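Bear in mind the structure is a predicted one, so any value in this text is a computation, not a measurement.
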Amino acid sequence: MVTVAAAPWFRARLIPELKNRQSLLYCRNGHRRYRQSLCFRRRSFSIYASAGDEGAVRVRFAPSPTGNLHVGGARTALFNYLYARSKGGKFILRIEDTDLERSTRESEEAVLRDLSWLGLAWDEGPGIGGNYGPYRQSERNALYKEFAEKLLQSGHVYRCFCSNEELEKMKEMAKLKQLPPVYTGRWASATEQEVLEELAKGTPYTYRFRVPKEGSLKIDDLIRGEVSWNFDTLGDFVIMRSNGQPVYNFCVTVDDATMAISHVIRAEEHLPNTLRQALIYKALGFPMPHFAHVSLILAPDRSKLSKRHGATSVGQFRDMGYLPQAMVNYLALLGWGDGTENEFFSLEQLVEKFTIERVNKSGAIFDSTKLRWMNGQHLRSLPSEELNQIIGERWKDADIVTESQGVFIQDAVLLLKDGIDLIPDSEKALSSLLSYPLYETLASTEGKLILEDGVSEVAKSLLAAYDSGELCGALAEGQPGWKNWVKKFGKLLKRKGKSLFMPLRVLLTGKLHGPDIGATTVLLYKAGTSGSVAPQAGFVTFDERFKILREVQWESFSSNVPLSAGAVTH
């Protein structure tokens, strides 16, 4: 509902330019037909400013192709998509490329690619078409000019011949008087003769919209509640530049109206534009859509999220290895929740749960740590075949394994997935597993505790088990073989629990921490016998590990004798 001065209509004073009554009709593809009666014998007119009748839900996402799709824009697109789908409506994509200097087709393609990657399929727009096209503003100039001329003929706009110098002087005077920088030029009340003289000279001109001098506009924002503006803060504004190019607020109003947009869901930074757009809606006789202004996404320091805070575009997160379902899930939670403690939603579940009433009007903090954690949860919830394929191909591309599928891949993914939040993490996880930094570990502060626990004695018995073939024979049987062997080995050394498994972990893997030691040891054995690991992967085989163990001078660690650089490189 939109009201002005606490009533569903308002009266605004205009300088008459026409004295005849006429009717303006506009019909687009047979979908809508509007009629407006205009009479300028009097110096005032009434505008009905209530929201449009309830009907089919049509929302739009209208990005400018001047760069990458920011996560804030992606969230706005998502909220529009969810609202449309939840209401059985249409999600329209419109490209606002009137900034000819900065708009590029490459940026447009990147935006379309990112939206598709997120799974936000549009019902009308570039690549699809529809009954309300074209869907690029640069292809709609004839339409803007048509409506600008109608507003000129109706007296809602006038030609302004002010030079840039004159406009700058107005701004300076307003600043000195501590007044808003509103237009105070003489062309709002120029005579027809004065206008004709300037036209004859070829003087450049803009089209300015006449703003009522008194009154206010009030809207009931679906997110922010009641918002109002006074007309005296605005001043007459330009809708068409002197080069014939339309201004943003005029374009967006004409587009939303002629595309039958029922709900405008957009970022709160567009809230100040609503006054200008509302005036244009009413002047053209179009019904007003419902407005919902979504709060900004903030950085941890509560400033506006920007490049200085790290990755901010959808494409960057995709390249970093994030899953689209994790991005969609996280973006939905930036300012929305279903009222429960549940944080995990598929796109289909979001459509089912989403309501605009539950969108919060306060700013949402973008927490990259939580996003990473959430991505890990989604990654690990993938079907095992899909997860194995994604990570297997990553390992193959990184030249760590020779094949992207098989038993070794399955076992490695199963063992390592709990430590993988992003797909690229899988490279480090497997490379770390295949490495053997024994000397570095023994020389570390934590390694000292292992040394004091008699790890050298465990090493002697482990070497004997390896040399006899007992250990390898057990590992060839998989997990059951390992369990039987380690139980006997513990009894032999009279060790169990941490006293047994910590030294075994260090001696077999070269590390103090990691996934299950039994599964790790079995996998390392398979890595050396299956031929699955690429030669350039830096894998230290069992033979090489036990060779290193034989060469360890345990007394050098006990006496804190520094190791040579060559001694720690294995």
Practice problem: Mark yes or no for whether Asn80, through its side chain, and Ile265, through its backbone, hold a donor-acceptor pair below 3.5 Å. | Solution: yes
Self-check item: Arg105: partners by salt bridge (charged side-chain N to carboxylate O under 4.0 Å, His left out), with sequence neighbours left out
Solution: Glu108
Quiz item: Taking only residues two or more places apart in sequence or in another chain, which ones pass salt bridge (charged side-chain N to carboxylate O under 4.0 Å, His left out) with Asp418?
Solution: none
Quiz item: What class does the angle between the rings of Phe317 and Phe366 fall in, given that below 30° is parallel, 30 to 60° is tilted and above 60° is perpendicular?
Solution: tilted
Quiz item: Would you call Arg60-Glu124 a salt bridge at under 4.0 Å N-O?
Solution: no
Side-chain atoms of residues 226-234: list all donor-acceptor pairs with protein atoms under 3.5 Å, sequence neighbours left out, distances to 0.1 Å.
{"unit_1": "Thr233", "atom_1": "OG1", "unit_2": "Asn230", "atom_2": "O", "d": "2.8"}

Self-check item: ring pair (Phe, Tyr, Trp, His ring centres under 6.0 Å) contacts in which one or both residues fall within residues 93-128, not counting sequence neighbours
Solution: none
Self-check item: Under 3.5 Å side-chain donor-acceptor pair for Thr274 and Gln277
Solution: no
Quiz prompt | Gap between atom CD1 of Ile92 and atom CE of Met259 - 0.5 Å precision | solution = 8.0 Å
Quiz prompt | Tyr183: partners by ring pair (Phe, Tyr, Trp, His ring centres under 6.0 Å), with sequence neighbours left out | solution = none
Practice problem: Give a yes or no on whether the backbone of Gln325 and the side-chain of Asn329 come within a donor-acceptor separation of less than 3.5 Å. | Solution: no
Quiz prompt | Nearest non-hydrogen partners of Ile365 and Pro300, listed with the distance | solution = CG2-CA, 3.9 Å
Quiz item: Side chains of Tyr207 and Glu149: donor-acceptor distance under 3.5 Å anywhere?
Solution: yes
Self-check item: Rounded distance (nearest 0.5 Å) linking atom CG of Leu284 with atom CG of Leu151
Solution: 4.5 Å
Self-check item: By ring pair (Phe, Tyr, Trp, His ring centres under 6.0 Å) - contacts of Phe79 (at least two apart)
Solution: Phe354
Quiz item: Looking only at heavy atoms, what is the nearest atom pair of Leu347 and Gly119, with distance?
Solution: CD2-O, 3.6 Å
Quiz item: Would you say Val413 and Trp395 make side-chain contact, with heavy atoms under 4.5 Å?
Solution: yes
Self-check item: Sidechain-backbone polar pair: Tyr135 side chain, Tyr132 backbone, donor-acceptor under 3.5 Å
Solution: yes
Practice problem: Search all heavy atoms of Ala326 against all heavy atoms of His378 and return the closest pair with its distance. | Solution: CA-CD2, 3.8 Å
Quiz item: Do the side chain of Thr340 and the main chain of Asn342 share a donor and acceptor less than 3.5 angstrom apart?
Solution: yes
Quiz item: Under 3.5 Å, is there a donor-acceptor pair between the side chain of Arg136 and the main chain of Glu96?
Solution: no
Quiz item: Just how far is it from atom CD1 of Ile297 to atom CG of Leu331, taken to the nearest 0.5 Å?
Solution: 6.0 Å
Quiz item: Stepwise, does the ring-ring contact (aromatic ring centres under 6.0 Å, His included) test hold for Tyr158 with Tyr205?
Solution: CA-CA 10 Å; Tyr158 58 88; Tyr205 60 88; over 10 Å; no
Quiz prompt | Value rounded to 0.5 Å, distance of CG in Leu112 from CG in Leu120 | solution = 12.0 Å
Practice problem: Find out whether Asp255 and Tyr144 are in side-chain contact, i.e. whether some heavy atom of one side chain is under 4.5 Å from a heavy atom of the other. | Solution: yes
Quiz prompt | Rounded distance [0.5 Å steps], CZ in Arg208 versus CZ in Arg159 | solution = 15.0 Å
Exercise. Not counting sequence neighbours, which residues clear ring pair (Phe, Tyr, Trp, His ring centres under 6.0 Å) with Tyr81? List them please.
Key: Phe91
Quiz item: Taking the side chain from Asn375 and the backbone from Leu323, do they hold a donor-acceptor pair closer than 3.5 Å?
Solution: yes
Quiz item: Counting distance only, does the side-chain N/O of Ser86 pair as donor-acceptor with the main-chain N or O of Glu352 below 3.5 Å?
Solution: no
Quiz prompt | Test side-chain hydrogen bond (donor to acceptor under 3.5 Å, both in side chains) applied to Glu268 - qualifying residues, sequence neighbours left out | solution = Arg224
Practice problem: Looking only at non-hydrogen atoms, find the nearest pair between Ala267 and Thr76 and report the distance. | Solution: N-OG1, 4.3 Å
Quiz item: Under 6.0 Å between the ring centres of Trp373 and Phe344?
Solution: yes
Exercise. Please confirm whether the backbone N or O of Ala299 pairs with a side-chain atom of Ser303, one donor and one acceptor, at under 3.5 Å?
Key: no
Quiz prompt | Close side-chain approach of Val59 and Ile261, heavy atoms under 4.5 Å | solution = no
Self-check item: Sub-4.5 Å side-chain heavy-atom contact between His263 and Val57
Solution: yes
Self-check item: Between OG1 on residue Thr104 and CD on residue Glu101, distance to nearest 0.5 Å
Solution: 13.5 Å
Quiz prompt | Arg210 side chain to Ala188 backbone, donor-acceptor under 3.5 Å | solution = yes
Practice problem: Looking only at non-hydrogen atoms, find the nearest pair between Lys396 and Ser404 and report the distance. | Solution: CB-CB, 3.9 Å
Quiz prompt | Ser362 side chain to Asn360 side chain, donor-acceptor N/O pair below 3.5 angstrom | solution = yes
Quiz item: Are Pro212 and Leu279 close enough that some pair of their side-chain heavy atoms sits under 4.5 Å apart?
Solution: yes
Quiz prompt | Short N-O contact, Arg94 and Asp256, less than 4.0 angstrom | solution = yes
Quiz prompt | Any pair counted as salt bridge (Lys or Arg N to Asp or Glu O under 4.0 Å), so long as it reaches residues 325-346, sequence neighbours left out | solution = Glu343-Lys370
Quiz item: In this structure, are over 12 heavy atoms from other groups packed under 6.0 Å from Gln349 atom CD?
Solution: yes
Quiz item: Hey, do the aromatic rings of Tyr281 and Phe286 have their centres closer than 6.0 Å?
Solution: no
Quiz item: Going by atom types only, do Ser107 and Arg102 share a side-chain donor-acceptor pair under 3.5 Å?
Solution: no
Quiz item: Is a donor on one side and an acceptor on the other found under 3.5 Å between the side chain of Asp236 and the backbone of Val211?
Solution: yes
Quiz item: Got a sec, which residues hit side-chain hydrogen bond (donor to acceptor under 3.5 Å, both in side chains) with Asp367, two or more places apart in sequence or on another chain?
Solution: none
Quiz prompt | Pairwise side-chain contact, Gln410 with Glu385, heavy-atom cut-off 4.5 Å (strictly under) | solution = no
Exercise. I would like to know whether Asn68 and Gln316 meet side-chain hydrogen bond (donor to acceptor under 3.5 Å, both in side chains); could you show each step before the answer?
Key: CA-CA 9 Å; Asn68 297 317; Gln316 285 177 298; 5.9 Å; no
Quiz item: Residues in ring pair (Phe, Tyr, Trp, His ring centres under 6.0 Å) with His270, at least two apart?
Solution: Tyr248
Quiz item: Which heavy-atom pair separates Thr206 from Ser242 by the least distance, and what is that distance?
Solution: CG2-N, 3.6 Å
Compile the donor-acceptor pairs under 3.5 Å between side chains in residues 421-429 and protein atoms, sequence neighbours left out, one pair per line.
{"unit_1": "Asp421", "atom_1": "OD1", "unit_2": "Arg380", "atom_2": "NH1", "d": "3.3"}
{"unit_1": "Asp421", "atom_1": "OD1", "unit_2": "Arg380", "atom_2": "NH2", "d": "3.2"}
{"unit_1": "Asp425", "atom_1": "OD1", "unit_2": "Arg372", "atom_2": "NH2", "d": "3.0"}
{"unit_1": "Asp425", "atom_1": "OD2", "unit_2": "Arg372", "atom_2": "NH2", "d": "2.5"}
{"unit_1": "Asp425", "atom_1": "OD2", "unit_2": "Asp421", "atom_2": "N", "d": "3.2"}
{"unit_1": "Asp425", "atom_1": "OD2", "unit_2": "Leu422", "atom_2": "N", "d": "3.0"}
{"unit_1": "Ser426", "atom_1": "OG", "unit_2": "Ile423", "atom_2": "O", "d": "2.6"}
{"unit_1": "Glu427", "atom_1": "OE2", "unit_2": "Arg394", "atom_2": "NE", "d": "2.7"}
{"unit_1": "Glu427", "atom_1": "OE2", "unit_2": "Arg394", "atom_2": "NH2", "d": "3.2"}

